[in-house]
Amino acid sequence: MGHTQKWRARKKEISKLLGPAHYIVSAVNDTKFSSAAFLLTGIPGQDDVHLWIISIPFCLMYVILIVGNSVILFIIKTDPSLHEPMYIFLSMLAITDLGLSIVTIPTILGIYLFNSREISLNACFAQLFFIHSFSLIESSVLLLMALECFVAIYHPLKYASILTMQRIAKMGLVFVLGELAVVLPVPFLLKWFQYCRANVFPHSYCLHQGVMKMACSDITVNSIYGLFIIVSTVGLDFLLILLSYVMILKTVLSITSNVERVRALNTCVSHLCAVLLFYTPMIGLSVIHRFGNSSSPLLQILLGYVYLLVPPLMNPSVYSVKSKHLCARIMRAFIK
């Protein structure tokens with residue numbers, strides 16, 4: 001298939017994606033395109049109802065998740081009795097959730113409130129760098145929280161001596177620097193590509209997989225590196241979390257008292273919910289991007305919103321409900 005046929009096929013995709021609003025980057029000629037920007041996509045075919053119907057739920061979700069995570073951070077910081085490993089890890093999770101949400105606010109709300117779809121290449125690369133960095137850091141934090149659950153059940157008497165504040169700080173710093181170093185080459189690799197097609201992005205924010213598909217250069221190296229990042233970070237974290245829960249379950253089953261079993265399992269319920277909320281949409285979105293070329297654009301967009309908004313929105317609620325001490329402190333703060 002020649003360049004002209006590829007462009008016609010691409011044009012049909014754009015028409016389906018954007019509905020009546022056709023946003024095409026300035027053309028150099030009929031087959032070759034040069035772009036200094038990407039054009040982001042809202043929900044296809046819903047341009048006329050963005051402001052009143054779609055923007056209001058997004059604004060409410062962002063307000064709730066920012067307030068919820070900020071309250072958890074404030075309570076943990078101001079209450080010395082919450083300066084324990086479990087709550088320190090929870091504060092790390094809240095920080096990554098806030099970072100992930102704040103990075104996407106300008107483009108998502110920009111589309112639905114102001115119909116502002118254009119994003120420069122550099123801004124797009126910066127956004128995808130922070131999105132992927134915060135996602136990988138959150139995966140590492142969930143691994144650390146699984147380790148905390150395992151130590152609490154397997155070595156309850158040595159819990160305080162194993163998970164000291166100094167050791168927690170070192171582990172957190174190592175994971176953060178490691179994830180940033182892994183993601184750092186991605187935007188620089190993407191800058192080498194030539195983007196000569198109509199660069200209409202299938203999401204309201206920039207992701208590595210989507211930007212790669214917009215390039216008309218050979219993306220083999222970048223694709224392999226992206227797969228390496230997923231396998232060596234998120235994939236490894238997920239396997240270690242599964243291994244931790246296998247060991248936790250084995251330890252719990254060895255407890256003779258049913259009451260003690262339930263109490264031990266109850267310490268990890270919140271973390272298990274957070275793991276499912278984070279990894280399920282993330283794995284689904286990665287599979288669709290790599291193998292679901294014929295999947296509906298609407299499915300990709302909705303799953304992308306679930307991946308970005310649901311974990312930060314639900315984590316504060318899950319942990320506040322399951323942690324009686326934290327819930328009591330939050331209620332006391334609001335009553336005051």
Side-chain angles (χ1 to χ4, degrees), residues 56-106 108-109 127 130-131 133-149 151-152 159-160 163-177 179-180 205 266-278 305-336:
I56 294 174
F58 276 107
C59 290
L60 288 175
M61 282 190 287
Y62 273 119
V63 169
I64 292 171
L65 68 88
I66 289 174
V67 171
N69 286 286
S70 299
V71 166
I72 285 181
L73 284 173
F74 176 77
I75 296 297
I76 292 174
K77 184 180 184 300
T78 56
D79 189 348
S81 64
L82 296 178
H83 293 176
E84 299 176 1
M86 181 179 73
Y87 297 109
I88 298 300
F89 289 133
L90 178 56
S91 64
M92 292 181 185
L93 187 66
I95 290 171
T96 57
D97 284 339
L98 280 173
L100 193 60
S101 304
I102 291 170
V103 168
T104 59
I105 283 177
I108 292 179
L109 294 188
Q127 186 183 51
F130 285 110
I131 287 176
S133 295
F134 280 121
S135 296
L136 297 186
I137 291 170
E138 182 159 349
S139 177
S140 298
V141 172
L142 291 173
L143 174 59
L144 291 174
M145 296 176 85
L147 174 65
E148 185 272 333
C149 288
V151 173
Y159 179 84
L163 294 176
T164 62
M165 290 300 169
Q166 186 178 11
R167 191 167 290 167
I168 290 172
K170 287 180 179 178
M171 289 190 296
L173 183 62
V174 167
F175 276 112
V176 169
L177 294 178
E179 308 300 4
L180 291 176
Y205 49 88
N266 197 45
T267 61
C268 296
V269 169
S270 300
H271 176 259
L272 187 59
C273 292
V275 168
L276 293 175
L277 285 170
F278 177 75
Y305 288 139
V306 170
Y307 159 63
L308 274 185
L309 296 176
V310 171
L313 188 67
M314 296 302 298
N315 286 339
S317 304
V318 169
Y319 277 95
S320 299
V321 169
K322 294 304 296 180
S323 175
K324 294 181 180 179
H325 192 181
L326 180 61
C327 186
R329 284 292 294 113
I330 293 173
M331 293 298 295
R332 199 182 311 160
F334 275 104
I335 290 172
K336 284 183 180 180

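Looking at every heavy atom in both residues, Gln127 comes nearest to Val103 through NE2-O, 3.2 Å. The minimum heavy-atom distance linking Pro85 with Met165 is given by the pair N-CE, 4.3 Å. Here the shortest heavy-atom pairing between Tyr305 and Tyr205 reads N-OH, 4.0 Å. A pairwise comparison of heavy atoms in Met171 and Leu147 identifies SD-CD2, 4.2 Å as the closest pair.
Counting only distance, with no hydrogens or angles, the side chain of Asp79 and the backbone of Ile75 share no donor-acceptor pair below 3.5 Å.
Atom CE of Met145 is separated from atom CZ of Phe89 by 8.0 Å, given to the nearest 0.5 angstrom. Note that CG of Leu136 and CD1 of Ile131 are 12.0 Å apart. Values are rounded to the nearest 0.5 Å. Between atom CG of residue Leu277 and atom CE of residue Met314 there is a gap of 6.5 Å, rounded to the nearest 0.5 Å. The CD atom of Glu138 sits 14.0 Å away from the CZ atom of Phe175 when rounded to the nearest 0.5 Å. Here the CZ-CD1 distance, from Phe74 to Ile330, works out to 11.5 Å after rounding to the nearest 0.5 Å. How far CD1 of Ile105 is from CZ of Phe58: 12.0 Å, rounded to the nearest 0.5 Å.
Shown here is Tyr159, whose OH atom has more than 12 heavy atoms of other residues, nucleotides or ligands within 6.0 Å.
For the pair Cys327 and Tyr319, the minimum side-chain heavy-atom distance is 4.5 Å or more.
Applying the salt bridge (Lys or Arg N to Asp or Glu O under 4.0 Å) test to residues at least two apart or on different chains, none of the pairs has a partner in residues 92-106. Legend: side-chain hydrogen bond (donor to acceptor under 3.5 Å, both in side chains) pairs involving residues 82-96, not counting sequence neighbours, sorted by first then second residue: Tyr87-Ser323.
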Item to complete: Evaluate side chain to side chain contact (heavy atoms under 4.5 Å, CB included) for Leu82 paired with Lys77, printing each intermediate quantity in order.
Response: CA-CA 8 Å; Leu82 296 178; Lys77 184 180 184 300; over 6 Å; no
Worksheet item: Does the side chain to side chain contact (heavy atoms under 4.5 Å, CB included) test come out yes or no for Leu90 and Leu326, once each step is laid out?
Response: CA-CA 11 Å; Leu90 178 56; Leu326 180 61; 3.6 Å; yes
Fill in: Pair Leu276-His271, side chain to side chain contact (heavy atoms under 4.5 Å, CB included): steps then yes or no
CA-CA 9 Å; Leu276 293 175; His271 176 259; over 6 Å; no
Worksheet item: After noting the C-alpha distance and the side-chain angles of Leu163 and Met86, does the key distance pass the side chain to side chain contact (heavy atoms under 4.5 Å, CB included) rule?
Response: CA-CA 10 Å; Leu163 294 176; Met86 181 179 73; over 6 Å; no
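Using the six-membered ring where Trp is involved, Tyr307 and Phe278 have ring planes that are tilted, between 30° and 60° apart.
Partner of Glu179 under the side chain to side chain donor-acceptor pair (under 3.5 Å) criterion, chosen from Ser140, Ser133, Ser135: Ser140.
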Run the side-chain donor-acceptor check on residues 59-73: report pairs under 3.5 Å with partners two or more places apart or on a different chain.
from	atom 1	to	atom 2	distance (Å)
Tyr62	OH	Thr104	OG1	2.8
Asn69	ND2	Leu65	O	2.7
Asn69	ND2	Pro312	O	3.1
Ser70	OG	Ile66	O	2.6

